[in-house]
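Remember, it's 1-based here, ligands and their atoms both numbered in the order they're listed. Numbers here are sequence positions counted from 1.
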Amino acid sequence: MSQQGYVAAPPYSQAQPGIGGYQGGFGPGPVQPHYGHYGGGAPPTFQAPLTGGMKSPVLPPPVSTPSSPSNQQNGAQPQRYPAAYGQPLQSTAYNSMASSAPPPAMQLTNQMSSLNMGNYAPGPVLQNPPSATSLQQPFRTPPPPQMTLGSQSPHMQSPHMQPPQMAPAPSISMGSPPMGRPFPGAPPPHPGGSRGLQQPGPGPVGPPGYPQQAGPFGGHMAGPHPGPGGFPAGPPQKKLDLDSIPSTIQVIEDDQAKHGGQVFSTNIRGQVPPLVTTNFTVQDQGNASPRFMRCTTYSLPCTSDLAKQCQVPLACIVKPFASLPKNETPLYLVNHGESGPIRCNRCKAYMCPYMQFIEGGRRYQCGFCNCSNEVPVFYFQHLDHMGRRVDLYERPELSLGSYEMVATLDYCKNNKPPNPPAYIFMIDVSYNNVKSGLVRLICNELKTLLDMLPREEGADNSPVKVGFVTYNKTLHFYNVKSSLSQPQMMVVSDMAEMYVPLPDGFLVDFQESRAVICNLLTQIPDMFADTNESETVFAPVIQAGVEAFKEADCSGKLFIFHSSMPTAEAPGKLKNRDDKKLVNTEKEKTLFQPLKGTYEQLSKDCVAQGCCVDLFLFPNQYVDVATMADVSLHTGGSVFKYNNFQVEMDGEHFLQDVRKEVQKSIGFDAIMRVRTSTGFRATDFFGGIHMKNTTDVEMAAVDCDKAVTVEFKHDDALNEETGALIQCALLYTTISGQRRLRILNLSLNCSSHLSELYKCCETDSLVNFFAKSAYRAILNQPLKNIKEILVNQTAHMLACYRKNCASASVASQLILPDAMKVFPVYMNSLMKTSPLTGSTELSTDDRAYQRLSVMAMGVEDTQLLLYPRLIPLHNMDVANEAPPAPLRCTEERLADSGVFLLENGHTMFLWLGQASPPDVIQGLFNAPSLAHLQGNMSVLPELDNPLSKKVRAIMRDLLEKSPKSMKLQIVRQKDKPEMMFRQFLVEDKGLHGGTSYVDFLCYVHREIKQVLT
Ligand SMILES: [Zn+2]
């Protein structure tokens, strides 16, 4: 049975003189990268495209190539797809399998064949059997037979582990599609004559009249590569159609169609979950919900040699506080009493479904280290005839993938129960912030927002205490004790030794001190209304927060609202070190490196105290975000940046962010430990974290949007039968000051066949891993190296699949694993993001900001960031409740007469085509035409008509789902701000360099071929 997933046979892949010349430009050999995975293996043999300079591959005329026999790739059971582009012949059998063979794959083959294969032979074009795709369907994947044979340790996929009351999800009963069944179709006539494929340099064709890729858009790109000799006169050249290459939108839609609205039960080991973009419900039946843990692959290679061979990173993205939809059960709380949670004596793993009870229930064998442990007397329970504890389903820790455990005093600092956390609001009251109206805006908002502080389920009040500081060159603390009639201010001007001048009355209960606090919030804007002070301090502000938490013996969060670079004489004083001359040099990394010293120490102090720092920046110029935001990154805080803040334009956007941030569910003073079964272990961690040693991941706080990406490496061989187990334990303090453990368990398959690994890959998780690892590498390496490695690894991963998992086929075919079909588009998009774009036109702070934002992102967020949502609004059915289906992110999908919404979790654009229908403009803006619109709009007027209501509802929905608020930018086609919008059309060429998706795919294909030869 073939494992091929995705087949194409582009003629561009022929080794040609015109392309060969390209390689020479890189000199004798690639720079040896420092960054990379499995660096110990063979040195990379690929070359990355030069930034912005990748030549469009142009195909010389077809050379003579062996024909049909060598095209029969699928061995014994060839699948024949008709090659007539656009109208595949489908037998009935094929139709019944429609979902297992993605239409784009077919189209690609069809088009490719019409372009290429047809040139050489009239023979059939053979494609991947549907089985390759159908194997990807998680619901249909039966547990490997050996897993059900009552092996030594319990596995979740064993039927007896399934709670009897739970019916299997309907999809499970659908059964597997027939495997390897031929779907004959008449070989279509191939287009006669020879055809070449040309990648025109200027990029995809846009709407008529639009300056495509010219000028600003095409400036960095080389034109079409003529190739020696060019094309001989002959038949017309044909451009590679976008519709013929894998589409992210299609993949998302297919997965939604397959799994949308269904229940995903986590009872099967190594089961690949639906995509993050799919709406599904999770039922925990022994493995952690994919909302908490997602892996790059659900089948690990058995040996490190295999892992090195394929170079697919083995990683898990853990989002321990992920929000659950209302219809999913919140985590149960387990209490093992005074002696604390039951753990393996040797490896300290917590009691979980992977512990196997033996000797009549008196002992249990640890699934992680195999140690045999005694069952504590109070925990003893008899086993049934199947060897299961009879209380299995009464105990979440024996039957569920995720649960919480009560932590005893041993798990608390100084063996003392913690106090509830506190939130301190620290407002920069220097000239800029006062003048912009920001200080007043914040103070007004806090009066109502403080009623929304997080609270335990069902509680009337929040246990979170609050405190207030204002500052410029000095710090002002406020006593807001409830017994006072007026708040009192205490000024600290000694910045070198920060202390909190108020032993009492600084951190208070909002409900009790409401009157005094509201009084204070009313007074603050007036107190500083006439300030001329423009200098600020910054590090002492954070230090003050840490000291306040120390004093109160609690953890907590600082909300810092800051405007400018801290230039006042104080620890952590910064100076402008922005230098555009460093861009694209070896030293570019220094722009991203935070200054060490004060800030490094501050991060450690914060983490030690459980002090999380949220930073809201309002800069008018460079402020050294790389340094200023570093403490936030390492303390699990969030960073927000509002360039040239204006209350009217940005006020609401900012307030939405503060509201989300204040109300978020969050845990404090956290420490995470990832344990694994023998044979592999966690070796690297990416996220808003601090590592004191190699195993303990410390986080001052972790909220519902923060994720840690964990990379695994082999220690030894893994066992196919027992699989691989991961237990992630997060010890933290709740909002009400309880010490708890959140335990997340996940079991994966292991295989000595790489085809299994590729089949169980998760592109969105892979991309999350690559984004974080590349963004971290920015601190140490030139961008050029990093991009080279990204391209090399992409090609290598795909080449290894081609070599080991796809059956013999002609070299000119591009074959992608079904689960990684759109991996290249994401990788290409990643390389075009601003941190990885060496352009002097980009602001250093903006680049640093994006780098930091991504480091703690979960899979949903990186997916959306790298493939934004583009929604057409001009032709939607306003009566339909669902929003219109998104389109591919390319200029080709825009239309002069269209109106489109684009968002990526950070930014939202409303793009208005120059020929937008007047009724749409009227409906949205109450204006007769585009010409009547004002520039710089950031809100849609609230109009009482169906279109306006519908569009605003779509935007509201998107904003609600997003961790951050997004400022709406309304851009008209051909207006200057439209440039900003265009850089999010990730399938097109980058605004500041970087290739189009089509070109990238061609390039990767060539690289793959090089590896294979
Ligand atoms: Zn153990």
Polar side chain donor-acceptor pair, Asp605 to Gln601, under 3.5 angstrom: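 A donor-acceptor contact under 3.5 Å links the two side chains.
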His382, Arg388, Gln381 screened by side chain to side chain donor-acceptor pair (under 3.5 Å) with Asp384, the one that passes: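 Output: one option passes, namely Arg388.
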Cation over ring face, Arg363 and Phe380, 6.0 Å, 45°: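 No, Arg363 does not sit over the ring of Phe380.
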If you measure from the Lys or Arg side-chain nitrogens to the Asp or Glu carboxylate oxygens, is any gap between [X] and [Y] under 4.0 Å?
{"X": "Asp553", "Y": "Lys416", "answer": "yes"}
{"X": "Asp684", "Y": "Arg776", "answer": "yes"}
{"X": "Glu762", "Y": "Arg294", "answer": "yes"}

Under 2.8 Å from the Zn ion (ligand 1) - protein N/O/S, by chain and number: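 N, O, S partners closer than 2.8 Å: Cys344 SG, Cys347 SG, Cys366 SG, Cys369 SG.
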